[in-house]
Number of protein chains: 2
Amino acid sequence: MGTTKSEGFSEEVNELAVLFKAMGHPARIAIIQFLRTQEKCICTDLVNELPLAQPTISQHLKELKNAGIIQGSVSGTSICYCLNLDKISELDAFLASLKYDQNPTCC
Amino acid sequence: MGTTKSEGFSEEVNELAVLFKAMGHPARIAIIQFLRTQEKCICTDLVNELPLAQPTISQHLKELKNAGIIQGSVSGTSICYCLNLDKISELDAFLASLKYDQNPTCC
DNA sequence: TTAAAACATCGTAATATTGCAATATAACAA
DNA sequence: TTGTTATATTGCAATATTACGATGTTTTAA
């Protein structure tokens, strides 16, 4: 155990879980927030911005990238990371659907 | 380590991370989806619905409850769990904000 | 070529998560 | 009371995550 069981759940459910999980860490939320507001999305800035060491930040960036939530393109010595709004929209759509189909007789 | 570092991040960031983390598991997404569609939100139904043992489901329900994403009220021998739409809206608002403030010069 | 800057990767210790069997609890029915 | 049903808790083994120092890699500048 310690392993998440994914068999028996739909593809959609598993994909949503991966995306939510990727966002389930303060550093990764902070990275996403920072990317939203910066002109240039460079890891060095993040090192100055977050209370974490560079390797740790690099690791979090990788996880966000693996989940498809951010994309990075090399730009000289630095890397330009930015949000993938498609993935954000997937999560958003799921959450929005919860608000409308809610059964009124429950609770 | 293994411990998530929360000092140095804003309250808002930490709270969002907790909520996203709570949703970052297929069983918990499936529970939320199931709650949305059922008339009666009872754990027994979940045991028949999910590919997990009863104690495991109970544990996931507890985590969702701790995060404030669902609420449970006792109803005789069974328990009626339902979604807390306020929390869903918090996440939704965060995701929606990402879609609009995006910097166009990046990537 | 050499050095510096910006990231990534590796290795590893500490801790967290997951899943479940066994067991407990709580409410109702007979 | 006794049994049954519904759910929670405990305990634990297996695995995952987190954080970071040390060390690579790649790019640019001198």
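Everything numeric here is computed off the predicted structure, so don't read it as measured data. Chain letters run A, B, ... following the sequence lines, proteins first and then strands; every chain starts at 1.
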>> Taking any heavy-atom pair under 4.0 Å as a contact, classify B:Thr56: base, sugar-phosphate, or nothing.
In response: base
> Touch check for A:Lys21, heavy atoms < 4.0 angstrom, all strands: base, sugar-phosphate only, or nothing?
Replying inline: sugar-phosphate
Compare the minimum distances between each of [options] and the side chain of [X], then state the nucleotide with the smallest one.
X	options	answer
B:Glu63	D:dT18, C:dA8, C:dT18	C:dT18
A:Ile79	D:dA6, C:dC20, C:dA8	C:dA8
B:His60	D:dA8, D:dC20, C:dG19	C:dG19
B:Thr77	D:dA19, C:dA6, D:dT5	D:dT5
A:Leu52	D:dC20, C:dA6, C:dC20	D:dC20

[N] [atom2] sits how many Å from [X] [atom1], rounded?
X	N	atom1	atom2	value
A:Tyr81	C:dA6	OH	P	15 Å
B:His25	D:dT15	NE2	P	15 Å
A:Phe9	C:dT18	CZ	C1'	12 Å
A:Leu46	D:dA19	CG	C1'	16 Å
A:Leu61	C:dT9	CG	P	11 Å
A:Glu7	C:dT18	CD	P	15 Å
A:Ile57	D:dC20	CD1	C1'	11 Å
B:Lys62	D:dT7	NZ	P	16 Å

> Can you check whether B:Thr44 reaches B:Ser78 side chain to side chain, under 4.5 Å on heavy atoms?
Replying inline: no
> Would A:Glu12 and B:Gln33 satisfy side-chain contact (heavy atoms from CB on, under 4.5 Å), going step by step from the backbone distance to the final call?
Replying inline: CA-CA 11 Å; A:Glu12 189 205 0; B:Gln33 264 194 348; 3.4 Å; yes
> Hey, is the main chain of A:Gly68 close enough, under 3.5 Å, to the side chain of A:Asn84 for a donor-acceptor pair?
Replying inline: yes
> With distance as the sole test, does A:Lys5 use its side chain to make a donor-acceptor pair with the main-chain N or O of B:Pro51 at under 3.5 Å?
Replying inline: yes
>> Is it the case that the base of D:dA19 and the side chain of A:Gln59 share a donor-acceptor contact (distance under 3.5 Å, atom types as modelled)?
In response: yes
> Quick one: does B:Gln54 reach the base of D:dA8 with a side-chain donor-acceptor pair under 3.5 Å?
Replying inline: yes
> Which comes earlier along DNA chain D counting from the 5' end, the contact point of A:Ser75 or that of A:Thr3, where each point is its nearest nucleotide?
Replying inline: A:Thr3
>> Would A:Leu95 and B:Phe94 count as a side-chain contact (heavy atoms from CB on, under 4.5 Å) here? Give the steps.
In response: CA-CA 11 Å; A:Leu95 293 177; B:Phe94 173 70; over 6 Å; no
> Is the phosphate of C:dT17, meaning OP1 or OP2, less than 4.0 Å from a side-chain N or O of B:Arg28?
Replying inline: no
>> On DNA chain C, does the nearest nucleotide to A:Ser58 precede the nearest nucleotide to B:Ala27 from the 5' side, or the other way round? Give the residue.
In response: A:Ser58
